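Structure first, then comments.
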Amino acid sequence: MFKAIEKYRTPAQVVLGLIGISFIGFGIAGFQGGADNQYIVRVGDQRITRYQLDEAIRNTEQSGGVANRQAVFETLLNQAYLLEGAKKLGIVVSDEQIKQMIVDNPQFHDASKKFDPNLFKQALEQAHISEARFMQMERERLLTVGLLQALNANVVSDYQAAQALNATFAARVMRSAPVAPQNFIGKVNSSDTELQKFYDANKKNYVLPQAVKFEYIKLSAQNLLDKQTVSDDELKQAFEAQKGNVPSKRRIAHILFNAPASADADTKAKAKAQAEKVAAELQQNPSQFAALAKQHSQDSGSASKGGDLGEFSQNGGLGSKALEDAAFALEKGAVSGVVETDFGYHIVQVTDIVSGDSFEAQKASLKKQIQERKAQQALGQLSNELGQLTFDNPNDLKSAAEKKGLTTQSDGEWLTRANAAERKIPNAVVEALFSDEVFAKKHNSDAISVNGETWFVRATETRNETTQPLSEVRERVKDDWVNSESTRLAREAAKKDLADLQAGKSVDLAWSPTQELVPAAAKQALPPEVYAELMKAVPKNGKPAYAFVEWLGVPQIIEVQSIKSISHDEKSLKDVKQTLAQISSNDLILAFINSLRSEVKTKEGIERVSDSESESAK
């Protein structure tokens, strides 16, 4: 019965995973720039960017975790709402508090255990973070911690913690014995009288729901796209209209040799010499840039991607004028010499150039834009014309389709409200099909707009809700009766065996091998009612305890032979108290975040959570 139960994960792991936040990213954070809408979403004053998401994923993976992209994004989203919530509650973190925290941090203390500004500065340089950015991140961290502390005011006693330890981790030594219903099938009376009685008592199980078969026309702008022609004059007019609005972009990769401005002369000399050596190698063989970036680059954020930093316009987005000037002086595929910035020494390659001012470069996208606009216009006109035809002749959808050079499609299977989602029929179409006009009168529907498509439907056959007579469902009723009655007989037999066992009598049962089961694991795997009965079975005076349960339709007897003792040491109690406090406050935290979701304004930017999402948005 219990073989499939997996190892238990403590509730604290789940809860802390919900609100776990990484605040400090690594890589070249200073290189991130962009327009006012250069983010995935803005929550109040908080922006979540693609760069932040990528950085959080890298940090999770570097820490040995498995990063689900959507889950990490949801964590960042929760963080943003909590920061807005902290502001609403008036929680404030002053500059003096942050500075005092920095001064008190042993990481920045020298041998005499005093704050050393140079150690603090070196830590910032190694993480490529400015002092202002570090202060902001610490402010956000302390605001979030302060808010969670305000929400988490639970106090857990030692007694509660001890009880939780026993209930959660004290293993039960046990075995189980199923009482199989199939062993009682031969005792079931399946006479006509019994079947009639069972059918009469369970008629609701033999009801055929309201259903419809239908024909339809489905129009979409996408299907009309190829029919739209675009002249050269239209393309040129569109190009002139947007000329100058699309800046030239370059996809840039780099190799970084760390040598921050504060580094000593020897460190800088070594980094520069190494950069010049790699640069000379690349001048001979530029195609090796990605491989050498993975091998040599000290920018952890881009090295694994062959040094790729993404696409940039010449507007300061790279964060370094020297680096930008070098990149925009290169042709596609060319490699620069060594470029010095405040971060160290770089070698730059332009992997692609997208010219915003070139007609040829824009021609394909302009044509697609014009075709899409024309297709939408054509869809609107065709929908109006077809709507008039279907209205003029409400009992005939095919003739309306033929007049516009279209064909109807038929769905010959019964459609019910219950199976509509499985068959991917849109809700608006389902509502139209079951409306009085279409279902009862079998008239053509009005135009139905769904996700950029337009549908017209007509019912070809309908079925009202009806109870099937016993004569039509006799075999099904018999199977249901035999299953129900054999399970009842098995249940009665199991309860009799249980009473005999509890009375100390010997009962011949097919027991499973004895095993140990931790309650926490059982709670994760078993239905609540089964788990409750299991926990009620507590052995006393050296004698086993028994419980009756039904699991997966099979009556079973559980024998709990003993409960293993568990240590209530100080550390265990402390850990459990912290976990219980966190769990009990979790509902309050989630409720607070949900309330903020309805109050705080959000706005989508031009970035997307994933590349596939970006492609679908184009």
Side-chain angles (χ1 to χ4, degrees), residues 18-60 67-93 95 98 124 127-148 247 249 299 301-302 308-313 315-320 589 592-618:
L18 170 70
I19 59 172
I21 300 166
S22 295
F23 288 87
I24 299 181
F26 297 94
I28 49 174
F31 288 176
Q32 300 304 308
D36 289 342
N37 59 352
Q38 195 81 28
Y39 51 80
I40 301 172
V41 65
R42 188 175 70 194
V43 178
D45 294 330
Q46 316 301 321
R47 298 185 180 198
I48 301 175
T49 67
R50 179 70 177 263
Y51 176 78
Q52 289 174 311
L53 176 58
D54 290 341
E55 206 59 78
I57 289 171
R58 279 195 292 271
N59 289 343
T60 302
N68 176 281
R69 194 169 189 83
Q70 187 62 39
V72 174
F73 172 70
E74 289 296 329
T75 297
L76 293 177
L77 199 58
N78 283 341
Q79 174 194 347
Y81 278 112
L82 289 174
L83 288 172
E84 289 298 303
K87 289 197 309 184
K88 282 180 173 289
L89 294 181
I91 299 174
V92 177
V93 176
D95 288 350
I98 299 173
L124 294 182
H128 303 300
I129 303 172
S130 67
E131 185 173 332
R133 177 60 182 146
F134 179 81
M135 293 279 286
Q136 179 60 26
M137 288 190 294
E138 284 302 304
R139 190 186 312 280
E140 292 175 357
R141 182 180 71 83
L142 293 173
L143 282 171
T144 307
V145 169
L147 173 63
L148 295 179
K249 286 188 176 183
D299 171 23
S302 68
D308 181 49
L309 294 175
E311 288 187 358
F312 293 87
S313 301
N315 59 2
L318 269 171
S320 166
I589 294 170
F592 184 62
I593 290 176
N594 287 334
S595 70
L596 291 171
R597 287 177 184 270
S598 63
E599 296 174 11
V600 179
K601 291 183 178 180
T602 61
K603 183 178 180 181
E604 288 190 6
I606 62 173
E607 297 182 341
R608 294 291 180 266
V609 172
S610 64
D611 291 331
S612 59
E613 195 177 330
S614 299
E615 288 300 317
S616 64
K618 290 180 180 178

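FYI, the numbering just counts along the sequence from 1. The structure presented is a predicted model; accordingly, all values stated were derived computationally and were not measured.
- Looking at Ser302 and Asp308, their side chains never come closer than 4.5 Å, going by heavy atoms from C-beta outward.
- Put simply, CG on Leu83 and CZ on Arg141 are 12.5 Å apart, with the number rounded to the nearest 0.5 Å.
- More than 12 heavy atoms of other residues, nucleotides or ligands sit less than 6.0 Å from atom CD of Glu599.
- At least one donor-acceptor pair closer than 3.5 Å links the side chain of Arg608 to the backbone N or O of Gly605.
- For the pair Ala80 and Val43, the tightest heavy-atom approach, listed with the atom from each and the gap, is CB-CB, 3.9 Å.
- Scanning for salt bridge (Lys or Arg N to Asp or Glu O under 4.0 Å) contacts around Asp54 gives Arg50, Arg69, with sequence neighbours left out.
- Of the inter-residue distances, the one linking Lys87 atom NZ with Leu143 atom CG reads 9.5 Å to the nearest 0.5 angstrom.
- Inter-residue side-chain proximity for Val41 and Phe73 is flagged as met; some heavy-atom pair is nearer than 4.5 Å.
- The shortest side-chain heavy-atom distance between Thr602 and Tyr81 falls under the 4.5 Å cut-off.
- Side-chain atoms of Leu124 and Glu131, non-hydrogen and from C-beta on, do get closer than 4.5 Å to each other.
- If you check the side chains of Thr75 and Asn78, you find no donor sitting under 3.5 Å from an acceptor.
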Carefully, step by step, assess Ile57 and Asn68 under the rule side chain to side chain contact (heavy atoms under 4.5 Å, CB included). CA-CA 8 Å; Ile57 289 171; Asn68 176 281; over 6 Å; no

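- Here the side chains of Ile40 and Glu604 are not in contact, with every heavy-atom distance at 4.5 Å or above.
- Residues Leu53 and Glu607 are not in side-chain contact: their nearest non-hydrogen atoms beyond the backbone lie 4.5 Å or more apart.
- Residues forming a side chain to side chain donor-acceptor pair (under 3.5 Å) with Gln136 (at least two apart in sequence, or on another chain): Glu140.
- In this structure, Gln52 and Thr49 approach most closely via the heavy-atom pair OE1-N, 2.8 Å.
- Taking the side chain as every heavy atom from C-beta outward, Leu142 and Ile91 never approach each other to under 4.5 Å.
- Scanning all heavy atoms of the two residues, the minimum distance from Arg58 to Tyr51 falls at NH2-CE1, 4.3 Å.
- Not counting sequence neighbours, the partners of Gln46 by the side chain to side chain donor-acceptor pair (under 3.5 Å) test are Glu84.
- Atom CE in Met135 sits 4.5 Å away from atom CD1 in Ile98 (nearest 0.5 Å).
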